[in-house]
Structures are given as structure tokens and as C-alpha cells.
Amino acid sequence: QVQLMESGGGLVQAGGSLRLSCAASGRIFRLNAMGWYRQTPGKQRELVATITSGGSTNYADSVKSRFTVSRDDAKNTVSLQMNSLNPEDTGVYYCNANVATAPGLWYIEVWGQGTLVTVSS
């Protein structure tokens, strides 16, 4: 079993910064793509940023040039540096990872429980 634990959410004023971190633990053989998604009331969960095992990144248009996703495979972590935050960035941020738990097994998708980010105007 694999668990993802997010940290770093909180309340910040518009224009400020926050850094989210997510640590994967449990039966991990290999981590493939990892990333961050967010959800606001009344809306579907949306992609924020992802990073492949090779380091390629993908961002939602709304966060490009403001957010940076990174990973540390030695520690099984993925982080999201968020700068120039605005109230539209408010939401619950979920960590996501594709994990192989043993050699030869398919990757499974794992989600964290989410961390709340609130940006005040």
C-alpha cells in the first residue's frame, strides 16, 4: 500500500507565496509521473502541474510562470512552489502519483488527502 502525505497549505495574502510538499511512503518500487491538482467548491478537480520521471513538466495555463513543480526521487517527494498567488488559486490541493509497487506490476494511481490553500484579497 502506498500513501501520499501533503503539507504546506495555509492562508496567504494575494501576491504572496506558499510551498506545498508531498511525501510518498509504503510499498514503492518506482514512481512515474507525479503532480498536483486542485479543487474548488462546485468545480471539478483540475490539473495544476505534473512532472514525469524524466523531469518533463506540464502546467495549467493559469499558473504558468508563477508555479514550479519539482521532485526528489531519492526522498520520494514532489513539491509545488507557488508565487504571486491570487484569490483564484484558492482551493484544496491534491498530490497525485503513479506508482509501481513491485517489478513487472502496472502503475497504480494514488491520491493524497489534500491540503487547503486560501488566498485572501
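Nothing here was measured: the structure is a model prediction, and the numbers come from that model.
Using modelled atom types, one side-chain atom of Y59 and one backbone atom of V69 make a donor-acceptor pair closer than 3.5 Å. Although no hydrogens or angles enter the test, the distance criterion places a donor-acceptor pair under 3.5 Å between the side chain of T90 and the main chain of V119.
Counting only heavy atoms from C-beta outward, the side chains of N83 and F67 never approach each other to under 4.5 Å. At a threshold of 4.5 Å between non-hydrogen side-chain atoms, the residues N96 and N98 count as touching. Two residues are said to be in side-chain contact when any heavy atoms from C-beta on lie closer than 4.5 Å; L20 and T115 meet this criterion. The shortest distance between side-chain heavy atoms of N76 and L31 falls below 4.5 Å. Inter-residue side-chain proximity for T118 and V12 is flagged as unmet; no heavy-atom pair is nearer than 4.5 Å. In this structure, I28 and T101 have side chains that are not in contact, with every pair of non-hydrogen atoms separated by 4.5 Å or more. Between Q81 and L18, the closest side-chain pair of non-hydrogen atoms is not below 4.5 Å. A heavy-atom distance below 4.5 Å is found between the side chains of M82 and Y93.
The hydrophobic cluster containing Y107 does not contain V110, counting ILVMFWY residues as joined when their side-chain heavy atoms lie under 4.5 angstrom apart, directly or transitively. Cluster annotation: I108 and M34 are assigned to the same hydrophobic cluster (Ile/Leu/Val/Met/Phe/Trp/Tyr, side-chain heavy-atom contacts under 4.5 Å, transitive).
Of the inter-residue distances, the one linking T40 atom OG1 with E46 atom CD reads 6.5 Å to the nearest 0.5 angstrom. Note that OG of S56 and CD1 of I51 are 8.0 Å apart. Values are rounded to the nearest 0.5 Å. Atom CE in M5 sits 7.5 Å away from atom OG in S25 (nearest 0.5 Å). Interatomic distance, CD of E88 versus CZ of R38, reported as 9.0 Å (0.5 Å rounding). Atom OG1 of T57 and atom NZ of K64 lie 9.5 Å apart (nearest 0.5 Å). Between the CG atom of D89 and the OG atom of S62 there is a distance of 7.0 Å, given to the nearest 0.5 Å.
Between S121 and A14, the shortest heavy-atom distance links the atoms CA-CB, 4.3 Å. In this structure, S53 and N32 approach most closely via the heavy-atom pair OG-OD1, 3.5 Å. Considering all non-hydrogen atoms of both residues, S17 and S84 come closest at OG-N, 4.3 Å. Scanning all heavy atoms of the two residues, the minimum distance from C95 to E6 falls at N-OE2, 2.8 Å.
Partners of D72 according to the salt bridge (charged side-chain N to carboxylate O under 4.0 Å, His left out) rule, which considers only residues two or more places apart in sequence or in another chain, do not exist here.
At most 12 non-hydrogen atoms from other residues, nucleotides or ligands lie less than 6.0 angstrom from CD of Q13. In the displayed structure, Q113 atom CD is contacted under 6.0 Å by at most 12 heavy atoms of other residues, nucleotides or ligands. Enclosure of atom CZ in R19 by more than 12 non-hydrogen atoms of other residues, nucleotides or ligands within 6.0 angstrom is indicated.
Connectivity analysis of hydrophobic side chains (ILVMFWY, heavy atoms under 4.5 Å, direct or indirect) links Y37 to L47, V92, Y94, W111, L116.
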